[in-house]
Every structure is written in structure tokens, then in C-alpha cells.
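Please read the structure below before turning to the comments.
Please read all numbers here as calculations on a predicted model, not as lab measurements.
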Amino acid sequence: MTTRKRRETASVASKGSNSGGDGSEKQSSNDGEIRTVVSVGNSKRSSISWLALFFIISYSCSAIYQYQFQNMPVPLTAEQAGKRGFSEVEAFSHVKALTEVGPHPVGSEALHQALQYVLTACETIKKTAHWEVDVEVDLFHVESGANHLVSGLFAGKSLVYSDLDHVVVRILPKYTSEAREESILVSSHIDTVFSTEGAGDCSSCVGVMLELARGVSQWAHGLKKGVIFLFNTGEEEGLNGAHSFITQHPWSKTVRMAIDLEAMGIGGKSSIFQAGPHPGAIESFASVAKYPSGQTIAQDLFTSGVIKSATDFQVYKEVAGLSGLDFAYVDNTAVYHTKNDKLELLTKGSLQHLGENMLAFLLHVGASSQFPEDSSTESKEDISNNKAIYFDILGTYMVVYRQKFANLLHNSVIMQSLLIWVTSLAMGGIPAAASLALSCLGVLFTWLFSLGFSVLVAFLLPLVSSSPVPYVSSPWLVVGLFGAPAILGALTGQHLGYLLFQKYLLNLHSKRGQFPTIIRAELVKLEAERWLYKAGSFQWLILLILGNYFKIGSSYLALVWLVSPAFAYGFFEATLSPARLPKPLKLATLVLGLATPILISAGIFIRLGATLIGGMVRLDRNPGGTPEWLGNVVIAAYIAALLSLTLVYLLSYVHLSGAKRTITLASLLLFSLSLAAVLSGVVPPFSEDTARAVNVVHVVDATGKLDERHDTVSYVSLFSTTPGNLNKEVEQINENFVCGKDKPIDFVTFSVKYGCWTYNDTMSGWSEADIPTIHVKSDTKENERITQVSIDTKESVRWVLAINTKEIEDFKFTDARSSEELISEDISEDKKSSVDDWHIIQFSGGKNAPRLFDLTLYWKSDSTQSTDNGSLLKLRTDVNRLTPITERVLEKLPRWCSLFGKSTSPHTLAFLRNLPVNF
């Protein structure tokens, strides 16, 4: 068949050359081009070369990720670091000491021990400081306060705190008096949630800060500014430590820049994920950091609310109006707030990486004569234009530029790209416009089929797997479960678009009658390949236009994925002559075009994917309220979108090769093996080191009408923020748990819609004296209705109260014993906003925190004052105590499970109380 085709081609070419008699030079040249096209078209691109290129690109992406995020500096001992350097070994000793006290939440004796350790370490730093340096150590006690954040995770809440202690250290040059007037704040928190020893979050940060303080104390005689180290408590309960320092400590008035150290995992490289509002801090960091790490895309995701979390940096920006940097460890994020946030998993070199970067940065900023300009007086437009866009390249160099420059750069590229496209379409006419439309249709098919195939698997996986998220302990499984279907879908979609495009071009050339049939077929293949490649650039151009319009910082990714391939195409392939016949795309075009985008973005994309996978452990914030397939859909959609965006250039090369069948078979095989590993249980969804997040709570429910006798109900609730049923877990625990959605529990706006419960041995370990009380002291209904309520939380110093804002217009909250107003009725409405018609008061404090409160409620004039059983107030109080049944359940909890803590989740003993609307 091939022989006959070549003979026909030769015959056609011979006839074409003889038909012109003596012929002209132009005709001879044209015939030569035709022979070249036919010859190249018949010799298909090698499938081996395409597959080799695919694997080289895949390996390069993995290598870039490893180098950028897993390549750690060598940990230094104190002797190696020297007196003025940073030693991970010394920092690690602090982390070890803090984790040895066990979980140390606010109000616990363990937290007092951790505080004393930090205080002692700071006193040692003071004694060993350089003789020309003053080190001031302050054990700062906070009485009471209230934090009202108007955005983010804590919007609609009043975060009340009392009886907190912080260790604050100020390091100053002894003979530079003006250094007392301007300071750099470095902050992190000592406290942990109740479920973990907190090696990562955030003992690692505290360890780094202690070693930093020691290092700075040897350098500060050459500084022009003070450095304040804040070791706060109360962060895990609502950023209370940062708020109390900013609003109550006298040194806070001197702070001009805030640096927050955090962890949302354990170890790895501590990366900047928030910077600003003023770009001065990130610009200074980029200029001196030895191992810079930070990505604007993380900031875009965090500030958009996609990542449901908050850090002290929000307080420093929103309450104090400061600029600065927010760092976080995010490796192994699945262990966040679980038992596996432990010392054994802390990666070597992690502390050295952050410490060396921070020491260089603090010395640089501290020695400069001026701080960056204050952005608090700037307009929103000025702040937006001065916003920093930043990213690191392989963890060795950081690129930083401002939004104003980004606007100029992006607009320039957009205008030039549009000019090229308009010129090209004007020269090509209607056929060129139709070709663009059809090639873009091919890109659209790529998206639709890639998303369709991978999302279909995401929906089906919970139906056949023991866990809806079977890849948490083995993240590489997503490559086969979702990546393989996504590639297969992308190939299917582009192949369909390629066939439609081929049909159009064949019809177009047939109408023109310019070339014989055999030549037309080859020309069409070459022309289709080129248009599909160019459609990839057009796709990224659209994304750049959208990102530039909305001023999205991570639009630089669209810029590099547009410019580099377009430049390579222009350099190797483009021609100004529309009459020139197409040739196969060169492999050099692809290699040169993808080199820069892959170098800049491959590591970021992989790390983001790993973070998403780890986040599946705590996806279901209200257990049972999220569909089991949702997490899979998020992962599948991310992978499919990523492959559709980045493989668009590579897939355009596949049509002239014989690799389609190989790709299809390989994708199906990879998917089958991954699915088999899941279904057979060879790869378990969770492990002892990557555990499922669960809560075991002994609930004492005393809700009901006040004027009726109401029996207290006591039971143990088992629920999980990780999607999936708990049948396997309760079978192993064997305490007569019943599971389902028949018993929803409102832990005061933290709702459990699916869980398990048991009434076994639930009347011991608590007494009636532990149950909080809500007493109506007065209820006047003259000009306006005002109700006075007394609340006694008994033993609890950690509780949450919800106020029904459909009935209540305003309120005042007071410490009954001291008469101190904790929340005044004069506070602005935006600080008393509600979520789902409830305003939440969230309280946490030390052992000496108040337990008796007065609440004044001002009713709405149009209040319905309904006669149903709805609640006016809902209260949950927590006690960090193990009853016999909870202790027994925890002992029998499977090793692949771990308690999970967050600011809104209850402790192991919780009491529920309410006040009905129609009391």
C-alpha cells in the first residue's frame, strides 16, 4: 500500500513538472516544495521520539520539584554555624523540648511548661548577648480582650480571650537610642491544638525564632532598628495572641514591619505565601535570602478563601495596618493538627533553610536607615498597583516586581499578540478565521473530554472504594486514578478536533483545486498540526487577558506559557509568506518553547497538587455536609485543567506520529493498575503516619425549654472531617456505635450531619455541676425589648455562644465579676456581622479566666418572637477531660485514625445548652 502510494505521488509530481513545457523558475520552485511536503508527510514523525519527549518532560518536572522544594541545606551544628550564625541543631533541641511536654493548648498545664521553657531560653540569650546589645525579656500577661475580624475565616465572630501569657523579647543596639522607636516584629505561637504535640505547628517556628534571637543578639550592635520576637499563645483559638499584643503591649507601637512564621504541615521549605500590602519587605527578602522560596499563586489562593485558614498575619495587616511577610511550612500537610505532627517527620534541613533566610533578612532590614513607606495612607488603587508579584526559580533566585510593572508588561504582550493575530487573520482571510475557530474548538474538546473522563472517575471512585479518598497516604495514586483518564480524555478531545479540522481543510483545498488529492491529504495534516499548536498560544493569551483585567498576581504563569512557545514558533516556524507550504513542526520548537515555562511552573504545580491531596483529610468541615465525591472532583478537575493547559503544545505533535495507540494503552494500563491497587487494599487509604482525622466527644446535651423538665442526654459522638463512612472504625472500636445521618448534632454552628454515637457507659465522668447554665435575669418590653441573661460556664474556659441575629439587633457582653465590658454595643455593625443568621462569640482563656458573664440582648423591633422551638442562644462548653468511655474509645481507635483539632471543634467532653426564643 505504501509502495503504491509513493508511486502515485511520484507520478503526480512528474505530471506536475512536465505540464509546463520548458516551465518557469517559479513553477519549478513550487514543484520542489510539493515534493518536499509529500515526502515529509509520508514519513511520519517517530512515535518513539514523541514518547521519549513525553517521559523526558515528565522526569524534568519531577526533578525540578525535587530541587526546588525538597533540596535542603545541610543542618549546621553550633560550632559550624559560629557565634553569629544559625544552627539547626540548636533550633532542633528547642523543638524537641517543646514537643516533649505533649499537646499544650490554651489553659493547659503543659502550655505553662512550654512557656517557662521559652522564657528560660530567652533569659539565657539575654545573658550571652553581645556586650553592646540590650536584650529585654518580658513575660506579658493579658487580662481580657475581644478580636473582631471583618474578613476571612473568622468573619461573623467575636473572638474573646482572657488570662493569656506571652514571652516578648526586644533586641536593641545599646548606643542607638532611635532604635527604640522603630522595630521589626517576628512572631509565632507556642500553643497547639489539643490533638497534637505540634512539632510543625508551630514548635518548629518557635525553635527557629529562639535560635534567630540568639544570632541577632550577636549582631544587633550594628543595627539601626530594634527586633522584637513575640512568642504568643492563643493563636489556635482565633489569633488571640497577636491581637492582644498589638492592642495591649506598649512595644507594639514601635512595630513598623511584621513577620509571621507558621506551619500547615511539617518541614520542607518554609515559603512566603503572603506579602504586603507594601512590597518593601518581599523586595528586601529577595535581595538577601540565600534560599528564597515563595509564590504569588499561594497568596492568590489564600486571600481568595479557597484555602480555609487564617494566620496572625491577618491581625497585623487588618488591625495594626502593618506590612510584612507570612511564611509557612506546607510539606506533608495531611498531618496538620493530628497526632502525626511529630518530631520524627520533621525534615532535616527545614529549620536551617528558614533560619538562614530569616537571619540574613533581619540583619539587612535592621541595618537599613529607613523602613519601606507606610501603606496605611495609600488609596486602594495605589496599594493595588504597588502589590508585589513574586516567585522563586529553583529555590535559588527570587523574581519580584510590582503590579504597576506587571500591567505594563502584560498590556504590551497582549497588544503585540493581538496585533500578530489580527495581521495573520487579515492576510489569511475567512479561511484563517475559520481555522482559528476550529483549532480553538479542538482545545475546547481537549478540556471537555479531559475533565469529563477524570471527573467521571471522581464520581465513581467512592462507589467502589473503601474510602472516597483512597490516595491520601499514597499521593502518587492520583497520577493513575485521575491523571491517566485526563490524558486519555485530552488526547480524545484533541483527536476529535483534529478530525473535524482535517475535514474542513480537505473541503477547503478541494474547492480550490490547487493540488491533487494525495498532496492535499498531506498538506492538511501539516496545516492542522500548526494550527493546533497556535491554538495553545491563543488559549494562554485569553487567560493572560483575564488575569491582567482582574489583576491576578499569578498571571505571570500565563505570560511565560504564552511568550516562550510563541517565540520558539516564531523563531523556527513562522514565515511572512502566506504562499509558503507548511512543513512538520520541528522538535526544537517544542523543546525551546516549553523549557522556560516548565522551569518556572512545574515545581509550583506539583506542590499545589500535593497540598490539595493532603487537604482531603480535613475537607468535610461540617462532617456529613459535603458530598463524598467532592474532594475527588476537586483533585480530578485540577489535574485535568493542568494537563489541558500544559499539554496543549505537546499534543499537537502527536497527530503525525503513531503514538496515539501507545498512549491510549499506557493510560488504560496505568489507570487499571492504580484502581487495582486501591480495590485490593494493597495500598491503604490511610496509614499510621498519614491518619484519618476524627473526633471523639462525650456529649452532655442539656438543651430544651426552660419551663419544662428536661432530662439530660449523654452519649459519645464519633465523627470525621475526612470524607467517608466510619463503619470500619466502629467495628474495631466495638462499643455499640450506631452510624448515620439520623442524629445531626449542632456543636454551635459547627454541625455534624453524619457521625456515629453510642450510649454505653456515658453517665460517668461528669456531673450535673459541670453543666453550664443560662439564666434570664430580666426581660423588659417597654419602648424596646431588652433581655438580661446570666451565663455560667462552670469549669469551662473554652466555649462558643451563638446569638440569633434574626431576633437580636445588638448585644453587650460583660465579665460579671469585674464588670468589664468585653463586647460593647457601640462596636460597628461590620464587627457584629453574622453567618447564616448567627453571630458567634468564641471564648478561650487560661485557668484564671472568668466563667460568669452577663449578656444584654437588644431585640429587633420587627422580631417575630416565634412560638416554635427555635433557639435564641446556643452554647457549647468544652472541658479537656477524658471520661471512662472516651478513654476506652481512644485506646481502641484504629492506628490509621487521629484526633483532629481546630478552633471550632469540641474537646473530648462537651456540654450543650440553649435558650429558646419563646423562653
* For I663 and L51, what are the C-alpha separation, side-chain angles and deciding distance, and is it a side-chain contact (heavy atoms from CB on, under 4.5 Å)? -> CA-CA 8 Å; I663 297 169; L51 293 170; 4.0 Å; yes
* Asked: Could you walk me through whether Y65 and Q70 pass the side-chain hydrogen bond (donor to acceptor under 3.5 Å, both in side chains) check?
  -> CA-CA 7 Å; Y65 168 74; Q70 303 299 313; 3.2 Å; yes
* Evaluation steps, ring pair (Phe, Tyr, Trp, His ring centres under 6.0 Å), between F482 and Y471 -> CA-CA 11 Å; F482 304 127; Y471 42 79; 5.8 Å; yes
* **L543/L562 under side-chain contact (heavy atoms from CB on, under 4.5 Å): CA gap, chis, key distance, verdict** => CA-CA 9 Å; L543 289 178; L562 165 64; over 6 Å; no
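Without hydrogens or angle criteria, T333 side chain to V330 main chain gives no donor-acceptor distance under 3.5 Å. Using modelled atom types, no side-chain atom of S667 and backbone atom of P485 make a donor-acceptor pair closer than 3.5 Å. Between the side chain of D300 and the main chain of S554, a donor-acceptor pair closer than 3.5 Å is present. For N632 (side chain) and V455 (main-chain N/O), no donor-acceptor pair under 3.5 Å exists by modelled atom type. Looking at T596, its side chain never comes within 3.5 Å of a backbone N or O of G593 through a donor-acceptor pair. For T664 (side chain) and K660 (main-chain N/O), a donor-acceptor pair under 3.5 Å exists by modelled atom type. The closest donor-acceptor contact from the side chain of T589 to the backbone of L585 lies at 3.5 Å or more, if one exists at all.
Checked by atom type, the side-chain pair H655/K525 shows no donor-acceptor distance below 3.5 Å. In summary, the side chains of Q539 and W561 do not present any donor paired with an acceptor at a separation below 3.5 Å, with no hydrogens or angles considered. Q416 and S412 are linked by a side-chain donor-acceptor pair at a separation below 3.5 angstrom, with hydrogens and angles left out of the test. Counted by atom type alone, D392 and Q68 present one or more donor-acceptor pairs between their side chains at under 3.5 Å. For the 3.5 Å distance criterion, the side chains of K551 and N385 qualify, holding a donor opposite an acceptor. Looking only at atom types and distance, the side chain of E529 has no donor-acceptor partner in the side chain of S652 under 3.5 Å away.
Within 6.0 Å of the CD1 atom in I48, the count of heavy atoms belonging to other residues, nucleotides or ligands does not exceed 12. The environment of OH in Y397 is sparse: at most 12 heavy-atom neighbours from other residues, nucleotides or ligands sit within 6.0 Å. For I430, the CD1 atom sits in a loose shell: 12 or fewer heavy atoms of surrounding residues, nucleotides or ligands are nearer than 6.0 Å.
P277 is not listed as a side-chain neighbour of K387, based on a closest heavy-atom distance of 4.5 Å or more. No side-chain heavy atom of V399 sits under 4.5 Å from any side-chain heavy atom of I600. You'll find the side chain of S435 reaches within 4.5 Å of the side chain of L505, heavy atoms only. Contact annotation: the side chain of Q299 never approaches that of F273 to less than 4.5 Å [non-hydrogen atoms, C-beta and beyond]. Side-chain atoms of S537 and Y649, non-hydrogen and from C-beta on, do get closer than 4.5 Å to each other. The shortest distance between side-chain heavy atoms of E522 and L526 does not fall below 4.5 Å.
If you look at Y653 and W50, their ring centroids are not closer than 6.0 Å. Under the 6.0 Å cut-off for aromatic ring centres, F285 and F327 qualify, their centroids lying closer than that.
The aromatic rings of F501 and Y504 lie parallel to each other, their planes meeting at an angle below 30°, with 60° marking the opposite boundary. Relative ring orientation between F567 and F571 is described as parallel, the plane-to-plane angle staying below 30° on a 0-90° scale split at 30° and 60°. Between W531 and W421, the ring-plane angle classifies as tilted under the 30° and 60° cut-offs.
Partner F605 forms a side-chain contact (heavy atoms from CB on, under 4.5 Å) with one of L557, I639, I598, I64 and no other, that one being L557.
Salt bridge D331/R607: present, at least one basic N to carboxylate O contact under 4.0 Å. Contact check on E573 versus K583 returns no salt bridge, with no Lys/Arg side-chain nitrogen under 4.0 Å from an Asp/Glu carboxylate oxygen.
When all heavy atoms are compared, the tightest approach of C440 to A535 is N-CB, 4.1 Å.
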